[in-house]
Amino acid sequence: MNIRLDGRTAVVGGSSTGLGLAIAEGLAEAGANLVLCARTAATLDAAAAGIKEMGVEVLAVPTDLTSVEEIDNLATMALEKFGTIDILVNNAGGPPSGPFDDLPEESWRHAVDLTLMSAVELTRRLLPAMRAQRWGRIINVTSTSVKQPVNGLMLSNSLRSAVVGWAKTLANEVGPDQILINNVCPGHTTTDRLEELAQAASSRQGLSVAEVYASWEQLSPLQRLGKPHELANLVVFLASDMASYINGTTIAVDGGRQQAMT
Ligand SMILES: NC(=O)c1ccc[n+]([C@@H]2O[C@H](COP(=O)([O-])OP(=O)(O)OC[C@H]3O[C@@H](n4cnc5c(N)ncnc54)[C@H](OP(=O)(O)O)[C@@H]3O)[C@@H](O)[C@H]2O)c1
C-alpha cells in the first residue's frame, strides 16, 4: 500500500517535538505540505528545517495554542500561504499530572484551553475551507486514557474525553460535507512528555524513574513502550484517501494496554 498525500496541506499542532513532529514528518514523507506550530521558536525552526529537506513546503508559525488570538493568527497565515487546508491534526502538550486534591481551578481552566479549546478553535477557523472544497480530515491526538483512565492523570482523563464527545458530535454535523473526524489514542510513547510524567510519577510513588518506565512497559502485552512513528503511521493513513470510510471513531495505538473488548 503506497500512501500519497501530494498536493495536500496539513496543519499539525504542537509539532516541534514528540508525537506532533513524528506526525508532521510522516505526512511530509507522503508528500503533504506542512504548517507547523509550537511555542518555542528555536525548536520549531529546527523542526521546520528538517522537514523542508524532505522536499515539501513548510510554514512554521510560533503559536501558543491556549491563546485564541494566536490560533487566529496561525489559521490566517496558513490559509494565506496555502489557500486551503486539507488536513488538521489537533495536538498540543499534555496538561500536568496529579490527583484531584492537587489541582486548583486555574489548572483546570488552563487544561480546558490547552486540550479542548485549542482543538475547537483551530477547527472552527479551518472548517470553512474544508467545507468549500468538500474534502477534509480532522485527526485529534488524545490518549489511551479515553478508553481506560490512567491513574494520576486527572486533567488528561477528563478533558480528552470531552474532545472525543466533541469530535463524535461534529463528525455527524460535517459528514455531509465529506469531512472526516477521528481520534487517535497513544499509549505510553517515548517523548519528552513521557519523561516529564515519569519524573512526576517517580516523586509521587517513591520509585526510581527506571522503575516507573519498567512498570509502564508491563502495561502493554508487547512489554515495551511505543515509538512516535507508530502513532504517526496511523495518522498518515487516516489523512489519506485510503481511509475514506473511517469516520467518527477513536483508535488506540497503545500496544494493547486498554483492556475493554471493543
Ligand atoms: N507521549 C505519550 O506517551 C502520550 C500518551 C498519551 C497522550 N499523549 C498526549 O499527546 C500529546 C503530544 O504528546 P508528546 O508526548 O508529543 O508531548 P511533547 O513531547 O511534550 O511535545 C509537545 C509538543 O507540543 C508543543 N506544545 C506544548 N504546549 C503547547 C502550546 N500551549 N501551544 C502550542 N504548542 C505547544 C511543544 O512545543 P513547545 O513546548 O515549544 O510549545 C511540543 O512541540 C500531548 O497532549 C500528550 O499529553 C502523549
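Numbering starts at 1 and runs along the sequence shown. Atom set for the values below is all heavy atoms of this structure, side chains included, hydrogens, waters and symmetry mates excluded. Indexing begins at 1, ligand by ligand and atom by atom, following the structure's order.
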- Query: Do the side chains of L59 and V12 join up, straight or via other hydrophobic residues, at under 4.5 Å, putting them in one cluster?
  - Reply: no

- Message: Can you name the atoms of ligand 1, numbered from 1 with element, that are less than 4.0 Å from a heavy atom of T40?
- Response: 38 (P), 40 (O)

- Message: Quick check on the hydrophobic clustering: are V141 and V236 connected, directly or via other members, by side-chain heavy-atom contacts under 4.5 Å?
- Response: yes

- Does T144, backbone or side chain, put an N or O under 3.5 Å from an N or O of ligand 1? no

- Message: Please check whether S143 reaches ligand 1 - meaning an N/O of the residue sits under 3.5 Å from an N/O of the ligand, judged on distance alone.
- Response: no

- Task: Do me a favour and list the nearest non-hydrogen protein atom to atom 13 (O) of ligand 1 with residue, atom name and distance?
- Result: L19 CD1, 3.8 Å

- Which one holds for H188 and ligand 1: side chain close, backbone close, both close, or neither close, with close meaning a heavy atom under 4.0 Å? backbone

- Note on the structure: Numbered in order shown, the ligand 1 atoms found under 4.0 Å of a heavy atom of G18 are 16 (O), 19 (O)

- Identify the protein heavy atom lying closest to atom 21 (O) of ligand 1, giving its residue, its atom name and the separation to 0.1 Å. T17 OG1, 3.2 Å

- Message: Tell me the contacting part of V141 for ligand 1: side chain, backbone, both, or neither, using a 4.0 Å heavy-atom threshold, strictly below.
- Response: side chain

- In the protein, what heavy atom is nearest to atom 12 (C) of ligand 1, and what distance, to one decimal place, separates them? N91 OD1, 3.2 Å

- Message: Only heavy atoms of G187, strictly under 4.0 Å: list the atoms of ligand 1 that pass.
- Response: 2 (C), 3 (O), 4 (C), 5 (C)

- Would you tell me whether Q218 and Q223 have side-chain atoms, one donor and one acceptor, within less than 3.5 Å of each other? yes

- Item | From S97 atom OG to N151 atom CG, the distance as rounded to the nearest 0.5 Å | 12.0 Å

- Counting from 1, what ligand 1 atoms have a heavy atom of L194 closer than 4.0 Å? 3 (O)

- Message: Among T115, T123, T142, which residue satisfies the side chain to side chain donor-acceptor pair (under 3.5 Å) criterion with N90?
- Response: T123

- Closer than 4.0 angstrom: is that true for some heavy atom of E70 and an atom of ligand 1? no

- Query: Nearest protein heavy-atom contact for atom 43 (O) of ligand 1: which residue, which atom, what distance?
  - Reply: S16 OG, 2.7 Å

- Query: Quick one: does T142 get a heavy atom under 4.0 Å from ligand 1?
  - Reply: yes

- Note on the structure: From the list I138, L122, V89, side chain to side chain contact (heavy atoms under 4.5 Å, CB included) partner of V11 resolves to L122

- Minimum-distance protein heavy atom relative to atom 39 (O) of ligand 1: R39 NH2, 2.8 Å

- Task: Could you check E217 against R257 for salt bridge (charged side-chain N to carboxylate O under 4.0 Å, His left out), going step by step and ending with a plain yes or no?
- Result: CA-CA 10 Å; E217 283 169 8; R257 179 193 89 96; over 6 Å; no

- What distance separates L207 CG from Y213 OH, expressed to the nearest 0.5 Å? 13.5 Å

- Task: Determine whether any heavy atom of P186 lies closer than 4.0 Å to an atom of ligand 1.
- Result: yes

- Task: Look at atom 17 (O) of ligand 1 and say which protein heavy atom is nearest, naming residue and atom and giving the distance to 0.1 Å.
- Result: R193 CB, 3.2 Å

- Message: Does the residue G226 have a heavy-atom contact with ligand 1, meaning some pair of atoms that are separated by less than 4.0 Å?
- Response: no

- Query: Does the side chain of Q133 come under 3.5 Å of the side chain of T84 through a donor N or O and an acceptor N or O?
  - Reply: yes

- Query: Which pair of heavy atoms, one from L65 and one from G14, lies closest together, and at what distance?
  - Reply: CD1-N, 4.0 Å

- Query: Nearest to atom 45 (O) of ligand 1, what protein heavy atom do you find, and at what distance?
  - Reply: A92 O, 2.8 Å

- Query: Measuring from H229:NE2 to L234:CG, what's the distance to the nearest 0.5 Å?
  - Reply: 12.5 Å

- Within a distance under 4.0 Å of any heavy atom of L114, pick out the atoms of ligand 1 and give their elements. 31 (N)

- Heavy atom of the protein closest to atom 9 (C) of ligand 1 (residue, atom name, distance): R160 NH2, 3.7 Å

- Record the part of T63 in heavy-atom contact with ligand 1 below 4.0 Å; permitted values are side chain, backbone, both and neither. backbone

- Compute the minimum heavy-atom distance from C37 to ligand 1 and say whether it is under 4.0 Å. no

- Nearest 0.5 Å please: distance from the CG atom of L225 over to the CH2 atom of W216. 8.5 Å

- L65 to ligand 1: N or O pair under 3.5 Å? yes

- Considering the heavy atoms of D64, write down every atom of ligand 1 situated less than 4.0 Å from one of them. 30 (C), 31 (N), 32 (N)

- Is it true that the side chains of E211 and S208 contain a donor and an acceptor less than 3.5 Å apart? yes

- Going by atom types alone, do S220 and D254 pair a side-chain donor with an acceptor below 3.5 Å? no

- So is R8 actually on top of W135's ring, under 6.0 Å and inside 45° of the axis? yes

